[in-house]
Amino acid sequence: MNATLASRFLPTISNNQPPLVFDSSTLNTQNKIPEQFIWPQHEVVPADYEALNVPLIDLGGVRQHDNEATWHAARQVYKACMAHGFFQVTNHGVSTELTRDALKCMDQFFHLPLARKLSCKRKPGSMWGYAGAHIDRFASRLPWKETLSFGYQNGQRQEVLENYFKATLGEDLEQMGIVYQKYCEAMTKLSLTVMELLAISLGVEREYYRDFFEDASSIMRCNYYPPCQQPELTLGTGPHSDPTALTILQQDQVGGLQVFTDGTWRPIRPVQGALVINIGDTFTALSNGRYKSCLHRAVVNRHQERRSLAFFLCPKEDKLVRPPAGIIGSSRLYPDFTWEELRHFTQHHYRADSKTLDSFIQWRSLTSNNSGPNYN
Ligand SMILES: C=C1C[C@]23C[C@@]1(O)CC[C@H]2[C@]1(C)CCC[C@@](C)(C(=O)O)[C@H]1[C@@H]3C(=O)O
Ligand SMILES: O=C(O)CCC(=O)C(=O)O
Ligand SMILES: [Fe+2]
């Protein structure tokens with residue numbers, strides 16, 4: 001079926017019909033949002049007005065291998081990770097032009113007619129493609145957002161993304177592949193620098209995490225949050241901890257990211273030129289529980305659309321997630337696992353929340369038929 005024809009046959013969401021396709025422009029013509037988008041009261045409690053004080057870490061000196069600057073940055077990382085696991089970085093080496101282009105590509109894509117976006121619809125279980133409000137995965141508490149996701153294996157040839165966009169969206173969007181290739185390369189480079197800082201801050205072998213992620217198999221996700229007529233009832237991204245290792249988030253100037261710390265939701269206001277970084281569950285395991293992932297969410301608003309670009313650093317699928325010897329002390333908090341197993345769990349058995357890692361370990365011990373978890 002071609003794109004124009006498909007658009008006529010796709011049932012969209014209305015207030016009395018179960019949602020099949022998320023079409024925010026149609027939804028925005030109604031004064032109420034469908035009930036599948038209404039979240040429980042306690043999850044949508046408004047955030048404190050006061051923004052969270054997340055350290056702004058200057059990576060200029062670190063990238064030039066300046067010893068003093070590196071130790072200073074590692075101390076800031078330590079403080080942030082002991083408090084909530086969120087920090088921001090400046091002088092990170094990702095050019096303003098590249099960021100601008102990556103956000104522009106998002107606009108180009110998300111403003112396409114729905115039927116065209118659906119031509120690269122994410123298939124169940126796959127990491128790649130477009131998804132509207134996670135409609136095909138969840139029945140309630142639907143997020144008011146559209147996403148475009150794809151994988152990036154460190155060192156991946158440019159043709160992989162170029163061909164993906166060309167094959168699914170056509171030649172006019174092929175250049176998106178070139179932009180996102182450059183963006184993912186820059187993100188990988190930055191995440192390896194951060195891995196070195198994390199190792200220094202934890203007092204473990206400096207190269208351990210950098211080496212561990214040298215063959216990373218990461219995920220890039222573009223989040224598009226359309227305006228919403230009842231923003232106080234729904235969420236753009238529900239409360240969750242990232243199951244991945246490290247997230248580097250580029251948010252536009254609209255704002256909407258909030259972190260749950262000390263019993264309240266606090267906004268992280270956008271800082272021009274800065275990137276937000278946070279610890280994910282996989283790094284919690286790699287640090288033997290020393291650095292905890294933290295609950296966060298994204299709210300939507302009535303008048304403005306919002307965009308964010310999330311780069312999720314993940315280990316190569318089959319690599320054992322195991323903390324360095326120097327951090328284990330007398331006991332291991334989590335047994336060995338692979339990212340492939342945790343990813344599978346979050347895609348097929350569990351909706352990411354603050355307990356994903358513990359639930360995963362429990363689920364695994366109940367379902368695995370091997371000789372039991374390895375804590376050695
Ligand atoms: C393994 C994953 C689960 C989610 C996608 C990802 O590849 C990386 C992070 C996860 C997620 C983005 C965290 C927020 C909630 C979530 C459900 C979402 O709203 O997109 C998560 C992803 C998912 O699709 O399950
Ligand atoms: O869009 C945001 O600000 C947060 C998105 C997020 O937490 C995620 O994609 O994991
Ligand atoms: Fe997240």
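In this text the structure is predicted, and so the values were computed from the model without any measurement. As a basis for the values below, the full set of heavy atoms in this structure was taken, side chains included, without hydrogen atoms, waters or symmetry mates. Order of listing sets the numbers, starting from 1, for every ligand and every atom in it.
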K.L.:
Taking the side chain as every heavy atom from C-beta outward, state whether Glu214 and Leu192 have any pair of such atoms under 4.5 Å apart.
P.N.:
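Sidechains of Leu192 and Glu214: in contact.
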K.L.:
Assess whether a salt bridge exists between Asp336 and Arg332, defined as any Lys/Arg side-chain N lying under 4.0 Å from an Asp/Glu carboxylate O.
P.N.:
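Counted as a salt bridge, because a side-chain N and a carboxylate O are separated by less than 4.0 Å.
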K.L.:
Taking all heavy atoms of Arg116 and all of Leu173, pick out the closest pair and write down the distance.
P.N.:
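That closest heavy-atom pairing would be NH2-CD1, 3.8 Å.
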K.L.:
Any N or O on Tyr225 sitting closer than 3.5 Å to an N or O of ligand 2?
P.N.:
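Yes; the residue has a nitrogen or oxygen that sits under 3.5 Å from a nitrogen or oxygen of the ligand.
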K.L.:
Tell me, which protein residue and heavy-atom name are nearest atom 4 (C) of ligand 1, and how many Å apart are they?
P.N.:
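Looking at atom 4 (C) of ligand 1, the protein heavy atom closest to it is Gln347 NE2, 4.2 Å.
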K.L.:
Is the Phe360 to Phe337 ring centre distance short of 6.0 Å?
P.N.:
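Ring centres of Phe337 and Phe360 closer than 6.0 Å.
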K.L.:
Do NZ/NE/NH1/NH2 and the carboxylate oxygens of Asp136 and Lys121 come within less than 4.0 Å?
P.N.:
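Between Lys121 and Asp136 there is a salt bridge, with a charged N closer than 4.0 Å to a carboxylate O.
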K.L.:
Students should be able to answer this: which protein heavy-atom is nearest to atom 9 (O) of ligand 2, and at what distance?
P.N.:
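Heavy-atom neighbour on the protein nearest atom 9 (O) of ligand 2: Asn223 ND2, 3.2 Å.
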K.L.:
Can you report which non-hydrogen protein atom sits closest to atom 1 (C) of ligand 1, along with the distance?
P.N.:
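Going by distance alone, atom 1 (C) of ligand 1 is nearest to Thr346 OG1, 3.4 Å.
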K.L.:
Return the residue, atom name and 0.1 Å-rounded distance of the protein heavy atom closest to atom 24 (O) of ligand 1.
P.N.:
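That would be Arg137 NH1, 2.6 Å.
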K.L.:
Please state the angle at the Fe ion (ligand 3) spanned by NE2 of His240 and NE2 of His296: what is it, rounded to 10 degrees?
P.N.:
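Approximately 90° at the metal, rounded to tens of degrees.
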K.L.:
Quick check: Trp339 and ligand 1, any N/O pair under 3.5 Å apart?
P.N.:
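It does not: no N or O of Trp339 is found under 3.5 Å from an N or O of ligand 1.
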K.L.:
Heavy-atom pairs closer than 4.0 Å: do any link ligand 1 to the side chain of Arg351, the backbone, both, or neither?
P.N.:
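Neither; nothing of Arg351 gets under 4.0 Å from ligand 1.
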K.L.:
With a cutoff of 4.0 Å, is Pro243 in contact with ligand 1, counting heavy atoms of the residue only?
P.N.:
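Yes, Pro243 has heavy atoms under 4.0 Å from ligand 1.
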K.L.:
Does atom CG (Asn53) have a neighbourhood of more than 12 heavy atoms from anything else shown, all under 6.0 Å?
P.N.:
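No, not enclosed.
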K.L.:
Are the charged groups of Asp215 and Lys319 less than 4.0 angstrom apart, N to O?
P.N.:
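Salt bridge between Asp215 and Lys319, a charged N being under 4.0 Å from a carboxylate O: yes.
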K.L.:
Polar contacts were defined as any N/O atom of the residue lying under 3.5 Å from an N/O atom of the ligand; does this apply to His296 and ligand 2?
P.N.:
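Between His296 and ligand 2, an N or O pair is found under 3.5 Å apart.
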K.L.:
Given Arg351 and Phe138, is the side chain to side chain contact (heavy atoms under 4.5 Å, CB included) satisfied, shown in steps?
P.N.:
CA-CA 9 Å; Arg351 191 168 180 173; Phe138 309 123; 3.6 Å; yes
K.L.:
Classify the ring geometry between His296 and Phe86 as parallel (under 30°), tilted (30 to 60°) or perpendicular (over 60°).
P.N.:
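His296 and Phe86: perpendicular rings.
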K.L.:
Is any N or O atom of His134, backbone or side chain, closer than 3.5 Å to an N or O atom of ligand 1?
P.N.:
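So ligand 1 has an N or O lying under 3.5 Å from an N or O of His134.
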K.L.:
Would you call Glu159 and Lys166 a salt bridge, using N to O less than 4.0 angstrom?
P.N.:
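No, this pair does not count.
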K.L.:
State if Arg122 counts as touching ligand 1 under the rule of any non-hydrogen atom under 4.0 Å.
P.N.:
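Under 4.0 Å: yes for Arg122.
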K.L.:
Return yes when Arg297 approaches ligand 2 closer than 4.0 angstrom through a heavy atom, no otherwise.
P.N.:
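No.
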K.L.:
Can you tell me how the ring of Tyr180 sits relative to the ring of Phe150, calling it parallel under 30°, perpendicular over 60° and tilted otherwise?
P.N.:
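The rings of Tyr180 and Phe150 sit tilted, inter-plane angle from 30° to 60°.
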K.L.:
Do NZ/NE/NH1/NH2 and the carboxylate oxygens of Arg343 and Glu340 come within less than 4.0 Å?
P.N.:
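Yes.
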K.L.:
Quick one: nearest non-hydrogen protein atom to atom 19 (O) of ligand 1, plus distance?
P.N.:
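Nearest neighbour among protein heavy atoms for atom 19 (O) of ligand 1, to 0.1 Å: Lys145 NZ, 2.9 Å.
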K.L.:
Given Arg221, His348, Arg343, His296, which has its nearest heavy atom closest to atom 21 (C) of ligand 1?
P.N.:
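The option holding the nearest heavy atom is Arg221.
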K.L.:
Please report whether ligand 1 has a polar contact with Thr244, defined as an N or O pair separated by less than 3.5 Å (distance criterion only).
P.N.:
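No: no nitrogen or oxygen of Thr244 is under 3.5 Å from one in ligand 1.
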K.L.:
Which single N/O/S atom of Asp242 lies at minimum distance from the Fe ion (ligand 3)?
P.N.:
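Of the nitrogen, oxygen and sulfur atoms in Asp242, the Fe ion (ligand 3) lies nearest to OD1.
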K.L.:
Could you find the nearest protein heavy atom to atom 7 (O) of ligand 1 and give me its residue, atom name and distance?
P.N.:
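Its nearest protein heavy-atom neighbour is Ile219 CD1, 3.2 Å.
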K.L.:
Distance under 4.0 Å to a non-hydrogen atom of Ser308: what atoms of ligand 2 satisfy this?
P.N.:
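In order of numbering, the contacting atoms are 1 (O), 2 (C).
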K.L.:
Quick check against the 3.5 Å criterion: does Thr284 have a side-chain atom that pairs as donor or acceptor with the backbone of Ser293?
P.N.:
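Confirmed, Thr284 side chain pairs with Ser293 backbone.
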K.L.:
Which bit of Asp242 is near ligand 2, meaning a heavy atom under 4.0 Å away: side chain, backbone, both or neither?
P.N.:
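Only the side chain of Asp242 comes within reach of ligand 2.
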K.L.:
Short N/O distance, under 3.5 Å, between Thr237 and ligand 1?
P.N.:
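In this structure, Thr237 places no N or O atom under 3.5 Å from an N or O of ligand 1.
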K.L.:
Give me the residue, atom name and distance of the protein heavy atom closest to atom 15 (C) of ligand 1.
P.N.:
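Minimum-distance protein heavy atom for atom 15 (C) of ligand 1 reads His240 CG, 3.9 Å.
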K.L.:
Has Gln251 got any heavy atom lying under 4.0 angstrom from an atom of ligand 2?
P.N.:
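Not so, Gln251 does not reach ligand 2.
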K.L.:
Using a 4.0 Å cutoff against the non-hydrogen atoms of Met127, which atoms of ligand 1 qualify?
P.N.:
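So the answer, numbered in order with elements, is 7 (O).
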K.L.:
Could you check whether atom CH2 of Trp128 has more than 12 heavy atoms from other residues, nucleotides or ligands sitting under 6.0 Å from it?
P.N.:
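Yes, CH2 of Trp128 has more than 12 neighbouring heavy atoms, counting only those of other groups under 6.0 Å.
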K.L.:
For His240, counting its heavy atoms only, list the atoms of ligand 2 lying under 4.0 Å from any of them.
P.N.:
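Counting atoms of ligand 2 from 1, those under 4.0 Å from His240 are 6 (C), 7 (O), 8 (C), 10 (O).
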K.L.:
State if Arg306 counts as touching ligand 2 under the rule of any non-hydrogen atom under 4.0 Å.
P.N.:
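Checking ligand 2 against Arg306, which is what was asked, there is a heavy-atom contact under 4.0 Å.
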K.L.:
Is the shortest side-chain N to carboxylate O distance from Glu162 to Arg157 below 4.0 Å?
P.N.:
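No, this pair does not count.
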K.L.:
Using a 4.0 Å cut-off to any heavy atom of Phe312, which atoms of ligand 1 qualify?
P.N.:
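Answer for ligand 1: 8 (C), 9 (C), 12 (C).
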K.L.:
For ligand 2, which atoms sit closer than 4.0 Å to a heavy atom of Phe312?
P.N.:
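Contacts of ligand 2 toward Phe312, numbered from 1: 8 (C), 9 (O), 10 (O).
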K.L.:
Using every non-hydrogen atom in the two residues, find where Thr282 and Pro243 come nearest and quote the distance to one decimal.
P.N.:
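Taking Thr282 first and Pro243 second, the nearest heavy atoms are OG1-O, 2.7 Å.
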